[in-house]
Amino acid sequence: MKLATAYYPDYHPQEEWSRDFRLMREAGIECIRIAEFAWAKMEPEEGVYDWGWLDDSIRAAEAHGLAVMLCTPTATPPVWLTERYPDILPVGKNGRTIAHGARQQRCYSSDPYKERSLRIVEEMGKRYGGDPAVIGWQIDNEFGGETKYDYGEVSKKGFQAYLEAEFGDICALNERWGTAFWSQTYQRFDQIQLPAPIDCDVMMWPHPSLELAFRRFSSKVMTDFHRSQVEMLRRYTKAPITTNAFMFNWGDNVDWSKLFDCSDVVGIDIYSSDEEEIAFYADACRSLLDRPFWVMEYGSGSAALPAEMDLMRARGCEWFSLFKFRVFPWGQEQEVAHGALLGVTGHPRPGYDAVKSWAAVRDVSAAPPQAEASGVGVYYDFECAWAYQISKADPVDYFKYVHRTVYGSAYSRDASVKVLFEPGAIAGIRTLLLPLQILHDDALERALIDFVKGGGHLVATSDLFRRNRDNVYLSAVPAIFSEVLGWSDGRFIDDVPELETSADPVLADRACGLGRMTVVRRDLDREGWAALTREGVRA
Amino acid sequence: MKLATAYYPDYHPQEEWSRDFRLMREAGIECIRIAEFAWAKMEPEEGVYDWGWLDDSIRAAEAHGLAVMLCTPTATPPVWLTERYPDILPVGKNGRTIAHGARQQRCYSSDPYKERSLRIVEEMGKRYGGDPAVIGWQIDNEFGGETKYDYGEVSKKGFQAYLEAEFGDICALNERWGTAFWSQTYQRFDQIQLPAPIDCDVMMWPHPSLELAFRRFSSKVMTDFHRSQVEMLRRYTKAPITTNAFMFNWGDNVDWSKLFDCSDVVGIDIYSSDEEEIAFYADACRSLLDRPFWVMEYGSGSAALPAEMDLMRARGCEWFSLFKFRVFPWGQEQEVAHGALLGVTGHPRPGYDAVKSWAAVRDVSAAPPQAEASGVGVYYDFECAWAYQISKADPVDYFKYVHRTVYGSAYSRDASVKVLFEPGAIAGIRTLLLPLQILHDDALERALIDFVKGGGHLVATSDLFRRNRDNVYLSAVPAIFSEVLGWSDGRFIDDVPELETSADPVLADRACGLGRMTVVRRDLDREGWAALTREGVRA
Amino acid sequence: MKLATAYYPDYHPQEEWSRDFRLMREAGIECIRIAEFAWAKMEPEEGVYDWGWLDDSIRAAEAHGLAVMLCTPTATPPVWLTERYPDILPVGKNGRTIAHGARQQRCYSSDPYKERSLRIVEEMGKRYGGDPAVIGWQIDNEFGGETKYDYGEVSKKGFQAYLEAEFGDICALNERWGTAFWSQTYQRFDQIQLPAPIDCDVMMWPHPSLELAFRRFSSKVMTDFHRSQVEMLRRYTKAPITTNAFMFNWGDNVDWSKLFDCSDVVGIDIYSSDEEEIAFYADACRSLLDRPFWVMEYGSGSAALPAEMDLMRARGCEWFSLFKFRVFPWGQEQEVAHGALLGVTGHPRPGYDAVKSWAAVRDVSAAPPQAEASGVGVYYDFECAWAYQISKADPVDYFKYVHRTVYGSAYSRDASVKVLFEPGAIAGIRTLLLPLQILHDDALERALIDFVKGGGHLVATSDLFRRNRDNVYLSAVPAIFSEVLGWSDGRFIDDVPELETSADPVLADRACGLGRMTVVRRDLDREGWAALTREGVRA
């Protein structure tokens, strides 16, 4: 695992770079990640570029033996851009436009924004795509971090077009969503409103199919925008390209399986001091593309930094980039010291010493020891998380349950767990944990049947496949129940009154083909899951 | 007590009606309530009507021996209507327009909305007013449930016109409201703003007289709109007409005494598993028109359903309509099973069996045994509730106190309590409990004096008649205090320092004429009220 | 200490004044404060004045031996003014315009508002400036009480002009604020937005330098407006002029040192029953202009009124004005009785009797006994309070800490503490407590060095001078640390790891010149501060 750090040459006087680079090298740091939010610095006016400072930074780093990861700066459109095209500014759920003055003030459905973004990306690609010092690229920063949903007019038109493309004609949408309910029937796609909160005195909320479609759309506009940048850069560079996703407690609104399907490597930002949490993201990131991953930002103030670095290394981290080398004395993230390797006066902080000591005794260039694979997989479906977040009658904290209860039950420091995001990833798993998979689709159902028949042990919760991907409850039990479980009751398992009140957490359990399928109550606790994973179920 | 159920033939395929109707009949259900939200189905485009599905539903129900209650669909204006007349959409207290996509997105002061509403009601009346299968009508659904107060421009103009009609000239309003306070003096009615929350950094709120007037207006536009529908239907039908009011914890913003004064029968929706709460609404509904009432919706998932049905029957429920026969797999009220008699797969739920068993052993056509009348009455004044809700210096939860403390103190399973909403309803009461009657009016004061002199026992709280109906404190003690209580101090009872700090909850008590009047502290608890009701006061 | 009371002749019938004035005189009250919110009464239409009622009030008071304090009514612009110039209405942080219907609905940056305000002030000055009955003036009422920050367009233009005046050119602002962070770089001042809350899904907030500048601006527009009224009145009167500031728990958004620098006397409104809190404001008010102060409003419902009046008298209160003589039966502050000397029926309340008894045994005209000066000073810097309120990474409740922990540690009933608001006020202090002085400026640093060298004992917290007045962290330790403390480490004291985790609350302590400087942890508790104040530090 090689060490890198976030650095902002655009924020600091050029005469200080040299000292900073030297201190980095002394601590074993081999790479700087730069230019992340520097659009206004690169392009101070539309079409006027200033590359001098960036050229200088790269060359100075190179001179100190540091490699460079370059970021595209599209998370921070300059004021000249949003001033000229005010429609670029997104609108929050309370109907207020988000103005210049922070970051991510951009509408992903805005043509001027997308065009200007690709233009600066292309300019960067042209200039630095073949630069040997540039060993990797980060697209944008934390897509969907701040503004997850955009309730503005441009976004609305984009959403309506998206629905039209998905459904073809409005009757199909009416039918599939059940808009007859409460006379919500639409005549045309352009009558559909965004699911902003409704300002009523008492309970009232948008249609759950509309909500889910809007979440899917909101993820898609980001992953499409990301893909367009990747494709642009590919024309100019052969270096690996990634982006930096964030932890799900900050938001699970971007579907990782769609985000990273065009990436060379998975990148993530991690801020946590919880071992099990860190391990979860490491396992998820490694599983996603089935190869080592990059940590683009890691909080350098963590007290247990060396142990956490060892954990990340053993679980497949290739580049470990600390955030951040120097503190920001001004701006929204201003602070004195704690989140940086150097304090506000430029003196090393304890984190600096910890990193330096760590690097001194590891052979960073050697392939790290890998954690053993446990054979257990946990399935993670972003759309199920969204469906449960939307739900008013039956809300469940999907992320917390899947992570803390299910993944946690299978966690050990010494063995990795596979985190699956798509049916195609099931290969190689012995025990597949499938909690809260409320949304059905044919491909997943087929893959699960094959998995069990082929010898796997599938453990699902009793809400399995209750709704379709339109977020509508199914009126008939899917085939897997009869075909694998031998379930012949016309009702879903947890609609049977005797089972609803049963004390046994295992509601159904049956061998099928070479494997087995178990259905457990949706509230099975961590110890219950651990027992299933450890020992299999009752023979 | 006869059984009915809410049903939505517009939501389900016609081929399933027959099974559903058969299952209803087997459970003892004799009537379906339909068409509640079906405006878009009846009138898919302006002036284009589709009655086929409704004709078919009614005839199919009839063929299965089911009667029909028809609802007017005006709670859900179709998208073509709000699109053509955007002013129909109400505005929430935060200034945001409520868009198509839920229900009750209508401004009661909008002429286009009222006209189109009466048109569809008239069309329904013409077509089904004489239909022998249609045995009753429900106007709209839960008036004021979601959007209780409309802060839009159309509503504002309506409110200004209402005030002008009430006050005649602006000087009278200035005088009665005391607008000299803080230079709030108006020159014209059209300068008066709606009392939306004020977006200040610290305490600031609208004028309390304005607030009370706006609450009165907001109730009136609904009860006026309701009355207009009743009058329209009367031209075409002789069947009983009602509407479905809701429980006060959902909102007590519509004055029932005004809402039902044009109804043939009181209708209510009840969702509760609290015996005392259910009984309160039964007593209130029966008292209101002094005749048996209808429950238009009752939550069919209640665990104690048979006992609750017995309670309702004994307290005068005539039709008991379960909500709902089938679940909604989509839409804002989507769910799996628990709130319906049939689950999502069409199989009976436990509630279905409970209803069926209940019906099997009751003679539903016989007059039910009635609970004995206790002779105790509890007075309920919506405007007093509003005055206390508005109050910043002295807020009190009127509903909770009147219901839980006062009504609760008088509740027994075997005897009914009268709930009075108007002075004219006092006849027949022996003990009248009058809690939190902070608002004075001449008619009520006169009725109370007569009541005591004629032999009744009046128990009021110490805030009695402190303000007038403009929500302004009186500066002189009303006559009832001297005439009935012999109170000669120029101050109100609870302004006398010795009484303010007295430990005795009874502040005044005196025989007068053939009866007695007692004034108790405003914080008298349930046991204290029970003692007064049970034993009378100290001789 | 002489007694006054707030009175509103404009609210009450003229025939009642005589009784009210008689009752005042019997209680020892010598002055009425009037006309506070009476703009609409004085000027019912633009340019049309009605002085009759005010002439009559003053003459009637005079006839009863009562003096008069006159208030300018500018906190309540009449409806004719805001209707003609809607831009006068301020906008709340949620983007909603604050309408007529409460008070303080005015934008301090609005020219029409400021012009019309000065016009009515001038008219009052002309008419009553030389009136012998008028012994003092109150400007406006509680500046910044309700609307502390105005997010409207007029305010924005004012703020941009203010910044331009402060910074001269936009490059200087970019440089000092570090707007390179996140590409926030501005090209022109008119691109700068107001720091309204950002309607994002997760954490995002305005730039901290922008926030602090906006707070400074928001205070300045009020103090400038105040000053303009004072200057106008000075042309016509020789009577003392003040305004009524409010307690900091209601808001510390107006910088008192700027507010009162043009006043003859400090005025304050106090609503509290906490002895230490009352004493704090008395000490602060007396310290500010170094002379006796006026209480313009004091809650007359306080249970311990006589003892509190003694406390205020001993600490330098000159006029003590009770709020209020009669209750408001209507309007936003309507109530029955408790906050007034007379109840709603016009009968005296217990507070009336308490005041009367108090006055009977004090010689109100004699100079009161003054509390001994303790020699301890507490420094209070409004901008430091704002900086901590703004902070996301490191928020601290400045007011609570300075008042409860630091001032509280030095409080005794018998000795007054000086509260300092400016470097120039340090003279005469022996021990200067300087908590949470995070913002540096040269004048203060220089004064502190001189103070210590001259023999004072300075006790500061470890956050001393960490940021500059742009709210940006300093990258080098200021000279006072080396010059006075002999601190030679290049880091700030609390960035030294050993000190960060030290158990000793005293981080540095050194004699210098004739005095001493001590730096304590920022979380030192009240007992810790008391020990420092009482005993000095370790010798």
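What you are looking at is a predicted structure, and each value in this text was computed from that prediction instead of being measured. Chain letters run A, B, ... following the sequence lines, proteins first, then strands; residues in each count from 1.
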Checklist entry - Are any of the side-chain heavy atoms of B:Y473 and C:V327 separated by less than 4.5 Å? => result no

Item to check | Any B:Q184 side-chain heavy atom under 4.5 Å of C:R103 side chain | outcome: no

Item to check | Ring centers of B:F181, C:F37 separated by less than 6.0 Å | outcome: no

Item to check | Closest-packed option against chain B by number of heavy-atom pairs under 4.5 Å, given C:G331, C:G95, C:A40 | outcome: C:G331

Item to check | Under 4.5 Å from a heavy atom of chain B, the part of C:A38 involved | outcome: backbone

Next on the checklist: Within the 4.5 Å heavy-atom criterion, are C:V79 and B:T185 side-chain neighbours or not?
Outcome noted: no

Checklist outcome for this item: Output for pair (B:S475 OG, C:E16 CD), nearest 0.5 Å, gives 7.5 Å

Next on the checklist: Could you report the tightest heavy-atom contact between C:A102 and B:W205, atom names first, then the distance?
Outcome noted: CB-O, 4.2 Å

Next on the checklist: Just so I understand: if I count every heavy-atom pair under 4.5 Å between each of B:Q193, B:R176, B:E211, B:R491 and chain C, which residue has the most?
Outcome noted: B:R491

Item to check | Residue B:L474 versus chain C: region with a heavy atom under 4.5 Å | outcome: backbone

Checklist outcome for this item: chain B shares the most heavy-atom pairs under 4.5 Å, among C:G92, C:G101, C:P329, with C:P329

Checklist entry - Contact part of C:H347 toward chain B, heavy-atom cut-off under 4.5 Å: side chain, backbone, both or neither? => result side chain

Item to check | Inter-residue atom distance C:H100.NE2 - B:I192.CD1, 0.5 Å rounding | outcome: 9.5 Å

Item to check | Which portion of B:D394 sits near chain C, non-hydrogen atoms under 4.5 angstrom | outcome: neither

Item to check | Pairing of B:K392 and C:E335 as salt bridge, 4.0 angstrom limit | outcome: no

Checklist entry - Does any heavy atom of chain B fall under 4.5 Å from the side chain of C:P90, the backbone, both, or neither of them? => result neither

Checklist outcome for this item: Between C:W330 and the options B:T179, B:N471, B:D470, B:V472, the side chain to side chain contact (heavy atoms under 4.5 Å, CB included) test singles out B:V472

Item to check | Contact origin within B:A393 toward chain C - heavy atom pairs under 4.5 Å | outcome: side chain

Item to check | Beyond-backbone contact of C:R96 with B:I198, side-chain heavy atoms, under 4.5 angstrom | outcome: no

Checklist outcome for this item: Cut-off 4.5 Å, heavy atoms of chain B, and the answer for C:E83 is side chain

Checklist entry - Hey, mind stepping through B:Q187 and C:E45 against side chain to side chain donor-acceptor pair (under 3.5 Å) and telling me if it holds? => result CA-CA 9 Å; B:Q187 301 164 300; C:E45 293 176 50; 5.3 Å; no

Item to check | Selection from B:P497, B:S209, B:P206 maximising heavy-atom pairs under 4.5 Å formed with chain C | outcome: B:P206

Next on the checklist: Has B:S183 got a side-chain atom pairing as donor or acceptor with C:W39's backbone, closer than 3.5 angstrom?
Outcome noted: yes

Item to check | Any donor-acceptor N/O pair, C:E146 side chain to B:M204 backbone, under 3.5 Å | outcome: no

